[in-house]
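Let me begin by presenting the structure, written as structure tokens, before commenting on it.
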Amino acid sequence: MSYQMDGLPEQVTIYEVGPRDGLQNEPSVVPVEVKAEFIDRLADAGHKVIEATSFVHPKWVPQLADADELLTRLHRRPDVRYPVLVPNPRGLDRALAQGVDEIAIFASATEAFAAKNLNRTLESQFVMFEPVVARALDSGVKVRAYVSMCFGDPWEGPTPIAQVVAIGERLLGLGCHELSLGDTIGVGTPGHVTALIRAFRTPERLAVHFHDTYGQALGNTLAALAAGVTTVDASTGGIGGCPYAESATGNLATEDLVWMLRGLGIETGLDLGKLVSTSVWLAELLGRPSPSRVVQALSKG
């Protein structure tokens, strides 16, 4: 049974980040064949966008050191997008060599996180991004941009909305087709989400990426949808975090998001039963239960 609310979209794209953002913080290396099966299960559940991996240097994210091998193992479906995260020109070289047709770059909205995550300043991070974006676009590759710490930073406190907008608009101006606003440490609340999205000129080009540290991810998502966003990042099973911010807990669980959207009559194209089965399978392999409340409820019968 669904009950619609005024002012919400009829359809939402769920940008699945489990294989990359979900697994990147796992302490034990997940075998590449498990990652490949995970991605295939997600496609089978109806996902049309699955962020597969990252071409970050293995020194910084050892869990994703097998990016090249993973992409050679994937059974890429023609109707599914498999973007990869690319941090720098060398990462782009590797992505292009694998025939990738969509990448994502990641920026910071704060000076402290830019220094810790990118070893850059807010300004100098663009020196790294600009040639990557330009060459990707020249190669026919679409580019998405993430911005981290959009609502608050553990070292600087609340992030000024104008600062986030300035960084985000600049990334869109480079030619990025989509901008994902990240609540990296999960401190955002619905009013803050609404105010930030309304401050952008083109909300239809925005996506949101919420962590559920304070239990606000679903409420924040609803506020984002009401403000005009139609793409939401989520991680199957709610796995993930940020290796550069200790206070960042798991991502918004895809199953929890689908349950809410289904109740609102919003189409996602996803099979909730298959998602739950995948999360139970993955949780057994990781050796711990899924943090998703919907997975916990439905897997118990």
Side-chain angles (χ1 to χ4, degrees), residues 3-9 11-18 21-22 49 51 106-110 113 144-154 156-165 167-168 178-200 202-242 245 247-266 268 270 291-295:
Y3 299 89
Q4 297 179 346
M5 292 174 57
D6 293 338
L8 298 180
Q11 185 171 359
V12 163
T13 298
I14 297 181
Y15 187 103
E16 175 63 44
V17 299
D21 195 25
V49 191
E51 194 168 77
F106 55 97
S108 174
T110 66
F113 196 64
R144 180 191 222 227
Y146 286 99
V147 183
S148 298
M149 302 295 176
C150 289
F151 297 88
D153 177 298
E156 296 185 16
T159 308
I161 285 177
Q163 187 168 302
V164 179
V165 173
I167 297 294
E178 186 171 77
L179 181 74
S180 178
L181 303 175
D183 187 7
T184 315
I185 57 173
V187 295
T189 51
H192 192 171
V193 171
T194 301
L196 177 58
I197 292 169
R198 286 179 175 172
F200 278 89
T202 53
E204 68 276 6
R205 294 179 68 186
L206 302 179
V208 288
H209 185 115
F210 295 121
H211 286 210
D212 206 30
T213 314
Y214 294 92
Q216 301 297 297
L218 282 175
N220 288 341
T221 298
L222 190 59
L225 299 180
V229 171
T230 59
T231 299
V232 181
D233 298 359
S235 173
T236 294
I239 58 173
C242 176
S247 53
T249 56
N251 292 289
L252 169 61
T254 304
E255 295 88 348
D256 296 2
L257 175 59
V258 171
W259 181 272
M260 181 183 78
L261 296 178
R262 190 171 69 173
L264 290 165
I266 297 174
T268 65
L270 297 179
S292 164
R293 301 296 289 270
V294 169
V295 171

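It should be emphasised that the depicted structure is a prediction, and the values quoted were computed from it without experimental measurement.
Taking all atoms of both residues into account, the shortest heavy-atom contact from Ser235 to Val17 is CB-CG2, 4.0 Å. Closest of all the heavy-atom pairs between Val12 and Pro9 is CG2-CG, 3.9 Å. The minimum heavy-atom distance between Asp233 and Ala207, with the atom names listed, is OD1-CB, 4.2 Å. Pairing each heavy atom of Ser108 with each of Phe113, the nearest pair is OG-CB, 3.4 Å. Across all their heavy atoms, Glu255 and Ser292 have their closest contact at CB-OG, 3.8 Å. Between Ala253 and Gly237, the shortest heavy-atom contact is CB-C, 4.1 Å.
A donor-acceptor pair is defined here as one N or O able to donate and one able to accept, closer than 3.5 Å; such a pair exists between the side chain of Gln216 and the backbone of Tyr214. Proximity of a side-chain donor or acceptor of Asn220 to a complementary backbone N or O of Ala224 within less than 3.5 Å is not detected. A donor-acceptor pair is defined here as one N or O able to donate and one able to accept, closer than 3.5 Å; such a pair exists between the side chain of Asp183 and the backbone of Gly188.
When the side chain to side chain contact (heavy atoms under 4.5 Å, CB included) test is applied to Pro158, no partner is found at least two apart in sequence or on another chain. Legend: residues meeting side chain to side chain contact (heavy atoms under 4.5 Å, CB included) with Thr268, ordered by chain and number and at least two apart, are Ile14, Val258, Leu261, Leu270.
The shortest distance between side-chain heavy atoms of Asp21 and Asn251 falls below 4.5 Å. Within the 4.5 Å cutoff, the side chain of Thr13 has no heavy atoms near those of the Val232 side chain. Using a 4.5 Å heavy-atom threshold, the side chains of Glu204 and Val229 count as separate. In this structure the side chain of His211 never reaches within 4.5 angstrom of the side chain of Leu252, judged on heavy atoms.
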Listed pairs under 3.5 Å, donor-acceptor, residues 145-152 side chains, sequence neighbours left out:
{"unit_1": "Tyr146", "atom_1": "OH", "unit_2": "Glu51", "atom_2": "OE1", "d": "3.1"}
{"unit_1": "Tyr146", "atom_1": "OH", "unit_2": "Glu51", "atom_2": "OE2", "d": "2.8"}
{"unit_1": "Tyr146", "atom_1": "OH", "unit_2": "Arg144", "atom_2": "NH1", "d": "3.2"}

Atom pairs and distances, donor-acceptor, side-chain atoms in residues 190-199, under 3.5 Å, two or more places apart:
{"unit_1": "Thr194", "atom_1": "OG1", "unit_2": "Pro190", "atom_2": "O", "d": "3.0"}

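Around CZ of Arg293, the count of heavy atoms belonging to other residues, nucleotides or ligands within 6.0 Å does not exceed 12.
Pairs passing the salt bridge (charged side-chain N to carboxylate O under 4.0 Å, His left out) check and including a residue from residues 256-265, sequence neighbours excluded, do not occur. Residue pairs meeting the salt bridge (charged side-chain N to carboxylate O under 4.0 Å, His left out) criterion with at least one member in residues 213-230, sequence neighbours excluded, do not occur.
Remark: His209 NE2 to Thr231 OG1 distance equals 13.5 Å, nearest 0.5 Å. Distance CG/Leu222 to CG/Leu264: 6.5 Å, rounded to 0.5 Å. Rounding to the nearest 0.5 Å gives a distance of 8.0 Å between CZ of Phe210 and CG of Leu181. We find the CG-CZ distance between Leu179 and Arg205 to be 8.5 Å, quoted to the nearest 0.5 Å.
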Is there a side chain to side chain contact (heavy atoms under 4.5 Å, CB included) between Leu206 and Glu178? Walk through the geometry before answering. CA-CA 6 Å; Leu206 302 179; Glu178 186 171 77; over 6 Å; no
